[in-house]
Number of protein chains: 2
Amino acid sequence: MSTRAKIVSRTRPRRGTASAAETGAAAVQSGGNLFDPVEREPAYMRVSAAIEGKILSRVLKDGDLLPAELDLAQQFRVHRSTVREALRQLENSGLVMRPPGAKRMVVSRPHANKIASGMRQALVLHEVSFVDVWEAMMVIEPEVAALAATRRTQADIEALLRVHQAFVAESQSAAAVTLVVEFFELLGACARNKVLVLAKHSLAQVLAPSLGLMIDRVAQARSRIMVAQQKIITALQGKDAEDARKWMAKHVRDFKRGYEVAGIPPDAVVSV
Amino acid sequence: MSTRAKIVSRTRPRRGTASAAETGAAAVQSGGNLFDPVEREPAYMRVSAAIEGKILSRVLKDGDLLPAELDLAQQFRVHRSTVREALRQLENSGLVMRPPGAKRMVVSRPHANKIASGMRQALVLHEVSFVDVWEAMMVIEPEVAALAATRRTQADIEALLRVHQAFVAESQSAAAVTLVVEFFELLGACARNKVLVLAKHSLAQVLAPSLGLMIDRVAQARSRIMVAQQKIITALQGKDAEDARKWMAKHVRDFKRGYEVAGIPPDAVVSV
DNA sequence: AGATGTCCCATTGTCGGACAATCCGGCACC
DNA sequence: GGTGCCGGATTGTCCGACAATGGGACATCT
């Protein structure tokens with residue numbers, strides 16, 4: 001035994017590291033390796049996985065509030081610090097959150113924003129270029145517009161009109177970009193498809209900063225955006241999917257032209 | 001002062017709670033509220049934000065290894081537990097990871113898998129239905145196929161052929177689903193667009209489980225998949241974007257038919 | 001009654017310190 | 001060259017402590 005074992009030699013059970021070799025069957029199949037790598041998973045992982053499991057299987061529902069840290073620590077037979085590390089993971093992935101100015105944490109469904117910011121991080125770090133994002137928009141947005149045309153309600157139209165008019169009014173201010181993005185978001189909502197909304201949302205997030213730059217530099221950008229929005233709304237109003245698709249495609253294509261005119265190289269990577 | 005202040009009244013600076021009221025300007029604009037909510041952000045948040053910043057701004061590059069926990073603790077003037085909580089956040093978001101069997105953590109770009117699993121969680125918790133996912137595939141996959149047709153290399157074709165043949169050979173086994181998914185992934189790679197690959201990847205992940213179910217239940221599913229893959233490969237080989245798009249659309253449409261035949265209700269929500 | 005102050009407790013955020021397990025590099029030994 | 005042992009570095013986990021805050025319950029003031 002090491003000489004470093006000072007005074008006390010507390011035989012602590014080392015809870016996190018023992019139980020290996022669980023998948024006894026099918027050992028001699030994976031590429032000739034007789035043994036699988038022994039699995040050593042830290043306790044904080046297991047704790048967070050356990051809680052995550054309860055959430056995903058809806059034993060813990062949206063809005064429920066989690067037991068206190070000490071409570072959890074006792075249930076898992078683990079120290080509070082360990083529980084806290086697990087909680088930080090869950091908090092980060094958006095599965096639990098703390099309403100501002102509250103102590104206990106509550107279970108929550110990750111909001112689109114959470115996913116989008118993760119996506120943005122990934123894209124930034126993978127040095128994705130502007131054309132990549134644009135291409136994705138070119139694929140998704142027109143189809144979303146077409147879907148929106150068939151599913152929009154009257155309330156949708158009115159909301160879109162409000163945002164459009166706000167853009168017309170404030171097209172010179174710095175809020176213009178926000179309004180353009182909001183128009184896209186709203187249009188996504190009309191399509192009534194959560195998956196596409198999520199994807200769109202991320203794209204918009206990533207694009208927004210450079211979009212602002214472009215709008216500032218290109219004189220006719222604002223008027224072209226106005227026209228496109230107008231045409232799209234009209235198409236939605238007439239439930240004309242084909243027109244909606246067409247105008248949205250034109251709208252998105254304009255972005256690229258705008259970037260060219262603004263002198264932003266198309267392979268510029270998106271950044272924070 | 002509370003009677004609970006035992007013996008020692010360590011005047012600890014309470015690092016996390018002080019510096020409020022930083023945005024002095026523009027106080028009287030947000031809906032008539034004179035004051036912004038005072039910002040109390042826990043120290044572990046600040047630490048993780050600080051490290052995240054260094055990563056996103058590439059001061060810490062992919063592959064660099066992070067300073068030791070104690071080191072960080074000293075730099076941030078904070079306890080090691082606090083640093084560890086911050087690290088758990090970064091680890092969870094995929095910005096740092098630990099190569100199996102190493103001590104120090106290394107900076108890493110979040111892999112597509114990481115994002116996809118976050119996306120999957122979100123979709124599950126938002127009770128997204130199968131049609132939603134399918135609709136998204138209907139939008140994305142054909143366009144990706146078209147892009148792939150114009151950009152594929154000879155190596156791509158060969159890789160696709162290998163997977164296709166593996167599917168033909170093993171189409172009866174349980175590995176069949178994996179191979180179908182892999183075909184999609186590979187096709188995405190041909191399109192040379194990271195954004196679309198990311199989106200596709202998530203969709204495939206979400207769809208895979210129920211897809212397995214469907215293939216097992218529907219007799220002619222396998223042969224239809226074979227034909228579609230064959231046609232798609234041929235289209236890619238001839239760089240025929242239009243054909244690629246058309247066959248992929250057919251391929252994806254088949255999935256829905258398969259679900260109908262298999263008796264899986266189209267509005268069944270995806271699950272873990 | 002309603003507003004306000006007081007006291008206590010539960011819970012979180014943070015800290016200091018401790019130890020075992022493990023990885024890694026070096027060094028003697030065969 | 002391979003092998004085994006040693007010590008430093010670092011992580012995983014624990015223990016225990018305390019301040020700050022939120023939330024009640026309750027008394028008090030008007």
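In the text below, chain A, chain B and the rest are named by the order of the sequence lines, each starting its count at 1. What you are looking at is a predicted structure, and each value in this text was computed from that prediction instead of being measured.
A donor and an acceptor atom never sit less than 3.5 Å apart when one is taken from the side chain of A:Arg40 and the other from the base of D:dG12. Judged by atom type and distance alone, B:Arg80 reaches the base of D:dT13 through a side-chain donor-acceptor pair under 3.5 Å.
Side-chain contact of B:Gln121 with A:Glu52: a donor-acceptor pair under 3.5 Å is present, judged by distance alone.
Counting any heavy atom pair closer than 4.0 Å across all strands shown, A:Arg104 reaches sugar-phosphate atoms only and no base atom. Across all strands shown, A:Arg98 has heavy atoms under 4.0 Å from sugar-phosphate atoms exclusively, and none from any base.
Whole-Å rounding puts the B:Gln89 CD to C:dG13 C1' distance at 13 Å. Computed from coordinates, the A:Leu65 CG to C:dA10 C1' distance equals 13 Å when rounded to whole Å. For the pair A:Arg84 CZ and D:dC15 P, the computed distance is 16 Å after rounding to whole Å. As rounded to whole Å, 12 Å separates atom C1' of D:dT10 from atom CG of B:Leu72. Going from atom CZ of B:Arg88 over to atom P of D:dT13 covers 9 Å, rounded to whole Å. Atoms CG (A:Leu66) and C1' (C:dT12) sit 13 Å apart, rounded to a whole Å. Distance CG (A:Asp71) to C1' (C:dC9): 16 Å, rounded to an integer number of Å. Rounded to a whole Å, the CD atom of A:Gln74 is 17 Å from the C1' atom of D:dT13.
Using a 4.5 Å heavy-atom threshold, the side chains of A:Ile55 and A:Val96 count as touching.
Positionally, the nearest nucleotide of DNA chain D for B:Glu69 lies more toward the 5' end than for the other of B:His79 and B:Glu69. Mapping A:Gly101 and A:Met45 onto DNA chain D via the closest heavy atom, the residue that lands nearer the 5' end is A:Met45. Residue-to-nucleotide proximity on DNA chain C shows that, of A:Ser81 and A:Ala102, the 5′-proximal contact is made by A:Ala102.
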Give the intermediate values and the outcome of salt bridge (Lys or Arg N to Asp or Glu O under 4.0 Å) for residues A:Glu91 and A:Arg84.
CA-CA 10 Å; A:Glu91 185 179 27; A:Arg84 282 178 66 83; over 6 Å; no
Between A:Glu135 and B:Arg192, does the salt bridge (Lys or Arg N to Asp or Glu O under 4.0 Å) criterion hold? Intermediate values first, please.
CA-CA 11 Å; A:Glu135 243 175 44; B:Arg192 305 275 183 277; over 6 Å; no
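Side-chain nitrogen and oxygen atoms of A:Thr82 include none within less than 4.0 Å of the OP1 or OP2 phosphate oxygen of D:dG12. The side chain of B:Tyr44 contributes no N or O atom lying less than 4.0 Å from OP1 or OP2 of C:dT14.
Taking every side-chain heavy atom of A:Lys103 into account, C:dT11 is the closest of C:dT14, C:dT22, C:dT11.
For the pair A:Lys194 and B:Asp132, the salt-bridge criterion is not met [side-chain N within less than 4.0 Å of a carboxylate O].
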